[in-house]
2 protein chains.
Amino acid sequence: MTPDDFQLSTFLPYRLAVLTERVSRRLAVEYGRTHGLAVAEWRVLVHLLRCGAVSIRDIHTCVSLEKPRVSRAVTRLEAEGLVAKTAGSGDGRLVSISLTTAGRRALADIIPEATRLERQLTDAVSPDELAIFYRVMERMHAVLDSDPEAKPRTPMDLERLEA
Amino acid sequence: MTPDDFQLSTFLPYRLAVLTERVSRRLAVEYGRTHGLAVAEWRVLVHLLRCGAVSIRDIHTCVSLEKPRVSRAVTRLEAEGLVAKTAGSGDGRLVSISLTTAGRRALADIIPEATRLERQLTDAVSPDELAIFYRVMERMHAVLDSDPEAKPRTPMDLERLEA
DNA sequence: CCAAACTCGTTGCATTTGAAATGATATTGA
DNA sequence: TCAATATCATTTCAAATGCAACGAGTTTGG
């Protein structure tokens, strides 16, 4: 391929970026409209649903968000009463974050909508195609895993493979 | 699926976001290290290579970037001598933007690296799988195309389908 | 012909962002 | 024991972002 043939609209990173942004924004309509959440806040809430009382660091390493971003997301969520921050009982540096009843309620509202959107997208292809789609994504991750210039995957995204 | 079973790491929008960000950052290492470019600047340069002298608006509608972002990217690129801004000859509102020789040289440096990264990723799967991967992406776009809450695709991303 | 409506590119402004620094607490090792 | 080092969460700060507003130019319709 000579440089002159290079085309943005068929370039894999660009195509990924365009689809992701579109999906992401469409999803944000759901959790933004109903509860005024941003993506970081949404991720934190979902993580808490799974993992109970955890630290900022734990969220950071699990949901692909920078530490300050998690910290600020938690601050906002606390202000809105969706999570509770408690000083960790053991290690004095840690902050224990957990869902409140209101937080659980918010998730109960949003998750069905999120799942519905996901199903809309996945129902457009056959199960076989979808399986291949995910396999391809995984292979691309694997390429990056062995690339020293690439950022490592979060432990949780890796862990899923072993299950 | 009850809300309690919901898991971020298998949620399609999240998975897309994680892979995209990883690929994107890895790519940014290439054009950042060698020429100090950001993603908007990279996209603008590539678009210019294809489309010659065009307006800000044209770039905006082609490469999935907000208008102010294009405007500022062009300003920076001009400051670095990679593009030239000329008052359009006809319509006095339009600005004609085109690559300089230095801009072309920069692309000649970067495009092979970008292509190499893309190939690394795509070579990890069979051509059949890759074709399905792209087909699935296209189907998901199609779902969003008929969703009034979703942002429309750029004309150029659509146009590619007809070719 | 000219006023209203539209389009273009830029800028203002408030918010978000991430890297690095900070302050507080824990752990380590001499 | 206690200094040196490491880890945790937050904050600082500069840069990026996106929406809306703006000034300049153009088109439209009466």
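So that the names make sense, note that chain A is the first sequence line, chain B the second, and so on, each numbered from 1. Only this structure's heavy atoms are used, side chains among them; waters, hydrogens and symmetry mates stay out.
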Just so I know, are the side chains of B:Thr154 and B:Thr61 near enough to count as touching, which here means a heavy-atom distance under 4.5 Å?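 No - every pair of side-chain heavy atoms lies 4.5 Å or more apart.
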
Answer yes or no: is there a side-chain heavy-atom contact under 4.5 Å between A:Ile97 and A:Thr86?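 With C-beta onward as the side chain, the pair stays apart.
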
Could you check whether [X] pairs with [Y] (Lys NZ or Arg NE/NH1/NH2 to Asp/Glu carboxylate O, under 4.0 Å)?
X: B:Arg26; Y: B:Glu21; value: no
X: A:Asp157; Y: B:Arg22; value: no
X: A:Glu78; Y: A:Arg72; value: no

Nearest-Å distance, [atom1] ([X]) to [atom2] ([N])?
X: B:Glu78; N: C:dG9; atom1: CD; atom2: C1'; value: 13 Å
X: B:Asp91; N: D:dT26; atom1: CG; atom2: P; value: 5 Å
X: B:His60; N: C:dG9; atom1: NE2; atom2: P; value: 10 Å
X: B:Arg43; N: D:dT17; atom1: CZ; atom2: P; value: 11 Å
X: B:Arg93; N: D:dT27; atom1: CZ; atom2: P; value: 6 Å

Would you indicate which nucleotide in D:dA6, D:dT11, C:dC6 comes nearest to any side-chain atom of A:Ser71? D:dT11

Please write out the pairs of protein N or O atoms and N or O atoms of nucleotides 17-19 of chain C separated by less than 3.5 Å, giving the distance to one decimal.
from	atom 1	to	atom 2	distance (Å)
C:dT17	OP1	A:Arg69	NH2	3.1
C:dG18	N7	A:Arg72	NH2	2.9
C:dG18	O6	A:Arg72	NH2	2.9
C:dA19	OP1	B:Arg25	NH2	3.1

Run the numbers on A:Val70 and A:Glu66 for side-chain contact (heavy atoms from CB on, under 4.5 Å), then give the verdict. CA-CA 6 Å; A:Val70 174; A:Glu66 295 304 312; over 6 Å; no

Check for me whether A:Arg15 meets the cation-pi criterion with B:Tyr134, that is, NZ or CZ under 6.0 Å from the six-membered ring centre and within 45 degrees of the ring axis.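 Verdict for B:Tyr134: a cation-pi partner in A:Arg15.
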
The test is side-chain hydrogen bond (donor to acceptor under 3.5 Å, both in side chains); show your working for A:Ser55 and A:Asp58 and say whether it passes. CA-CA 5 Å; A:Ser55 66; A:Asp58 177 82; 5.5 Å; no

For DNA chain C, determine which residues of residues 48-57 of chain B have any heavy atom closer than 4.0 angstrom to one of its atoms, and list them numerically.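 Residues of residues 48-57 of chain B under 4.0 Å from DNA chain C: B:Ser55, B:Ile56, B:Arg57.
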
OP1, OP2 of C:dT22 versus side-chain N and O of A:Lys67: anything below 4.0 Å?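 False: A:Lys67 side-chain N/O out of range (4.0 Å or more) of C:dT22 OP1/OP2.
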
